[in-house]
Amino acid sequence: MIVPSERQSIVPPRIQQATRPTRARLGILLLLSTGTAINYLDRSIMGIAAPGISAELGLDAATMGLVFSAFSWSYVLMQIPGGVLLDRLGTRVVYCCSVGGWSLMTLLHALAGGLGSLLGLRLALGAAEAPCFPANGRAVATWFPRQERARATGAYTIGEYVGLALLTPLLVLLMQHAGWRVLFLVCGLLGLCFSVVWWRGYREPTGCARIDAAELAHIRAGGGDAGHALAPARFRWRNVGRLLRSRRIMGACIGQFASNSTLVFFLTWFPTYLQRERGIAAQDLSWFAATPFLAAAVGVIVGSCASDRMTARLGSATWGCKIPVVGGLLLCASIALANHVADNRVVIGILSLAFFGQGMASLGWTVISNIAPPRLLGLAGGLFSLAANLAGVITPLLVGAIVSRTGSFHGALYVIGATALVGVFAFGWLLDEVEPLVLPATD
């Protein structure tokens, strides 16, 4: 029996008459997973196309590091504006505009004629993609009760890795036969089609035609926002300061920066590492490159399922989130072991273990959805994503500089492993509790 609440008047009558519980949130999760897969495909194909681009346009390792990094310059700068737009305009509108914008920019990469146009398009792509993950976090906090959020986050995060693992062999084959420009053309068109699907399919819970009162009550009982009549929060710089002064927020931000450092290496320099450092032939590259991405997908599943089970059993998200994330970051640090192995098969095993750990550590968005103040979900997610994606600015440049200066990836792998250990400290100690942050009243 559903007990009416004082806010049930905002639920359409047709929803209130439903008697069987629905699972409309799974349809929303499918949309998020598909969007995330396309998002990572569009930002990552530069890594696949890099050898061809470098050869055709005459770009050395340091310059390619600049190209890889440029995406994250604008991506980072647009995190707070993107979060503000989410809090003002909502997930449906902002995500649709973001998908359409980044897909168009991806398509235009096919027309790049030199370093200048390539840098400009990377900057535009980063700006357009900026709202994606804050929107994902906002949607999960809205549509899912707390005890389901790790699995929901894991489900859309898997899209990052599985999409790349399955499509990398096809994209490499396509590039070998049609050139690198076709990769951007195909992926851009795919994203433009999805923007239409998103607009037609996404709604907030109380405006969704597929949800009933039982599912709505389930979401609300677990702390989901579920369309409660919260007035949009106006942007105030003092709210930024309040969030940044929180040990909880800062621990999550630093920890996610560390986790993203490993991820960014695999999204940018990994194919070049396999060819240049390990001597793997282009025709064998796709299968070697796909294995760590599959391992990362398994890591996401293991981490998210373990997190939700521990959260339900212990009645607290603190240890349910901390244990998988800290364990995953410890595995990320093992990437440095690849410097001491000659057999490429063993190297792929080590890199797969490190990326498996990064998949486990990818629960950072579950953490931020659980600790962010409800009215500032977009802003908190924007700050979190800004800090996390500083790794996208720093890591490609640093790796490119090290490789250019030393002629080897050895130093780069040591740096990435050490950064993962910083993340262990941040998530393990600096982040005190995974509970909603209470701030002074905002306006």
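We're numbering straight along the sequence, starting at 1.
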Between [Y] and [X], is there a side-chain heavy-atom distance shorter than 4.5 Å?
X      : Y      : result
Leu41  : Leu171 : yes
Leu421 : Leu330 : yes
Met360 : Val325 : no
Tyr156 : Val140 : yes
Ile219 : Phe144 : no
Arg122 : Trp73  : no
Pro396 : Val264 : yes
His177 : Val182 : no

Exam field: side chain [X] to backbone [Y], donor-acceptor pair closer than 3.5 Å:
X      : Y      : answer
Arg248 : Leu431 : no
Ser334 : Leu331 : yes
Gln256 : Ala387 : no
Asn339 : His410 : yes
Ser69  : Val393 : yes
Ser54  : Pro51  : no
Thr395 : Ala391 : yes
Arg92  : Glu204 : no
Asp60  : Thr63  : yes
Ser117 : Gly113 : yes

Quiz prompt | Ring centre gap for Trp429 and Phe425 strictly below 6.0 Å | solution =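 Here the rings of Phe425 and Trp429 have centres that are less than 6.0 Å from each other.
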
So, taking the atom named [atom1] in [X] and the one named [atom2] in [Y], what distance separates them when rounded to the nearest 0.5 Å?
X      : Y      : atom1 : atom2 : value
Thr22  : His218 : OG1   : NE2   : 10.5 Å
Thr262 : Gln358 : OG1   : CD    : 6.5 Å
Ile38  : Leu190 : CD1   : CG    : 4.5 Å
Leu111 : Leu185 : CG    : CG    : 8.5 Å
Asp42  : His109 : CG    : NE2   : 9.0 Å
Ile254 : Leu390 : CD1   : CG    : 11.0 Å

Heavy-atom closest pair, residues [X] and [Y]:
X      : Y      : result
Ala49  : Leu183 : CB-CD1, 4.2 Å
Ser352 : Ala295 : O-CB, 3.4 Å
Val99  : Gly191 : CG1-O, 3.4 Å
Arg138 : Thr142 : O-OG1, 2.8 Å
Gly251 : Ala426 : O-CB, 3.6 Å
Leu192 : Gly100 : CD2-O, 3.6 Å

Practice problem: Run the salt-bridge test on Arg25 and Glu215 with the 4.0 Å N-O cut-off and return the result as yes or no. | Solution: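 So Arg25 pairs with Glu215 through a salt bridge.
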
Quiz item: Salt bridge or not for Glu56 and Arg181, using N-O below 4.0 Å?
Solution: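 Judged by the 4.0 Å cut-off on N to carboxylate O distance, Glu56 and Arg181 do form a salt bridge.
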
Do the side-chain N and O atoms of [X] and [Y] include a donor-acceptor pair separated by under 3.5 angstrom?
X      : Y      : result
Thr36  : Asn39  : no
Ser304 : Arg151 : no
Trp102 : Ser98  : no

Can you classify the ring geometry of [X] versus [Y] as parallel (below 30°), tilted (30 to 60°) or perpendicular (above 60°)?
X      : Y      : result
Phe409 : Phe265 : perpendicular
Phe293 : Phe266 : perpendicular
Trp198 : Phe194 : tilted

Exercise. Kindly check if the number of other-residue, nucleotide or ligand heavy atoms within 6.0 Å of NE2 (His340) is above 12?
Key: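 Yes, the 6.0 Å shell around NE2 holds more than 12 heavy atoms from other groups.
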
Practice problem: Give a yes or no on whether Arg247 atom CZ has more than 12 heavy-atom contacts from other residues, nucleotides or ligands under 6.0 Å away. | Solution: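 More than 12 within 6.0 Å, yes.
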
Exercise. Decide side-chain contact (heavy atoms from CB on, under 4.5 Å) for Tyr95 and Leu86; before the verdict, give the C-alpha distance in whole Å, the side-chain angles of both, and the deciding distance to 0.1 Å.
Key: CA-CA 9 Å; Tyr95 202 112; Leu86 277 168; over 6 Å; no

Practice problem: Decide yes or no on side-chain contact (heavy atoms from CB on, under 4.5 Å) for Cys193 and Val197, but give the supporting numbers first. | Solution: CA-CA 7 Å; Cys193 293; Val197 175; 5.9 Å; no

Practice problem: Dump the intermediate steps for side-chain contact (heavy atoms from CB on, under 4.5 Å) on Ser259 and Leu263, then the final yes or no. | Solution: CA-CA 7 Å; Ser259 173; Leu263 174 62; 5.9 Å; no

Exercise. May I have the step-by-step check of side-chain contact (heavy atoms from CB on, under 4.5 Å) for Met310 and Trp319, ending in yes or no?
Key: CA-CA 7 Å; Met310 283 188 284; Trp319 292 109; 5.9 Å; no

